[in-house]
Amino acid sequence: MMTRVILPQMVERRKGAVINISSGAGAQPGPMSAIYAATKVYMDFFSRALQVEYEPKGIIIQSVLPYFVTTKMSKLRRTSLSVPNPTQYVKSALNTLGLEQRTNGYLTHSLQGWLAEKLPEWLLNKIQMYVGNKALKKEFLFR
């Protein structure tokens, strides 16, 4: 990983920042996207552990957990209150560097993250199954 390459230089300088992109999808189990959610929770836990190890050495390790952004991956093209474009998202997320070790990076994403933490897991699973099945149906209908 890049952290293994760059961290020794940061330790020597006693300053630096590593921003790892996880996902809001890694904040809870991910039916219909289990592998994706699992890799994102790994990145979040990896970042959190490194933050504890390297904070005394003057290095910031931040885990960013975005929700939807208008990208090719999300297949969303229009921005909205809860779906920023990449430039809007990055500008907002960078404002949290040094302030938060773990961030959703965007106000409405933070609200989504808070809600996801408060809702019972069974309800989140039902929502994800509904959304996932709807997306799969759409994908197969338009092939």
If only atom types and distance count, is the side chain of [X] paired as donor or acceptor with the main-chain N or O of [Y] below 3.5 Å?
X: Asn85; Y: Thr87; value: yes
X: His109; Y: Tyr67; value: yes
X: Ser82; Y: Thr108; value: no

[atom1]-[atom2] distance between [X] and [Y], expressed to the nearest 0.5 angstrom:
X: Gln51; Y: Glu53; atom1: CD; atom2: CD; value: 10.5 Å
X: Met43; Y: Ser63; atom1: CE; atom2: OG; value: 8.5 Å
X: Leu97; Y: Ile60; atom1: CG; atom2: CD1; value: 5.0 Å
X: Leu115; Y: Leu124; atom1: CG; atom2: CG; value: 7.5 Å

Partners passing side-chain hydrogen bond (donor to acceptor under 3.5 Å, both in side chains) against [X] (at least two apart in sequence or in another chain):
X: Glu55; answer: none
X: Arg13; answer: none
X: Thr96; answer: Gln62

hydrophobic_cluster_shared for Tyr130 and Trp122, side chain cutoff 4.5 Å: yes

Look at the side-chain heavy atoms of Ile, Leu, Val, Met, Phe, Trp and Tyr, link any pair under 4.5 Å apart, and say whether Leu65 and Phe45 land in one connected group.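 Shared cluster, no.
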
Could I get the full list of side-chain contact (heavy atoms from CB on, under 4.5 Å) partners for [X], not counting sequence neighbours?
X: Leu123; result: Leu119, Pro120, Ile127
X: Thr71; result: Val69, Met73, Ser74, Pro86
X: Asn95; result: none
X: Glu12; result: none

Name the atoms and distances for all side-chain donor-acceptor pairs under 3.5 Å in residues 14-23, with sequence neighbours left out.
from: Arg14; atom 1: NH2; to: Pro56; atom 2: O; distance (Å): 3.1
from: Asn20; atom 1: ND2; to: Ser47; atom 2: OG; distance (Å): 2.9
from: Ser22; atom 1: OG; to: Lys40; atom 2: O; distance (Å): 2.6
from: Ser23; atom 1: OG; to: Ala25; atom 2: N; distance (Å): 2.9

Pairs touching residues 91-106 that satisfy salt bridge (Lys or Arg N to Asp or Glu O under 4.0 Å), sequence neighbours left out: Asp44-Arg102

Share the residues that join Leu107 in a hydrophobic cluster, the rule being Ile, Leu, Val, Met, Phe, Trp or Tyr side chains under 4.5 Å apart at the heavy-atom level. none

Any heavy-atom pair between the side chains of Tyr106 and Val64 that's under 4.5 Å?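 No, their side chains stay 4.5 Å or more apart.
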
Going by ring-ring contact (aromatic ring centres under 6.0 Å, His included), name the residues that satisfy it together with Tyr42, two or more places apart in sequence or in a different chain. Phe46

Kindly write out the residues that satisfy ring-ring contact (aromatic ring centres under 6.0 Å, His included) with Phe68, not counting sequence neighbours, or none if the list is empty. none

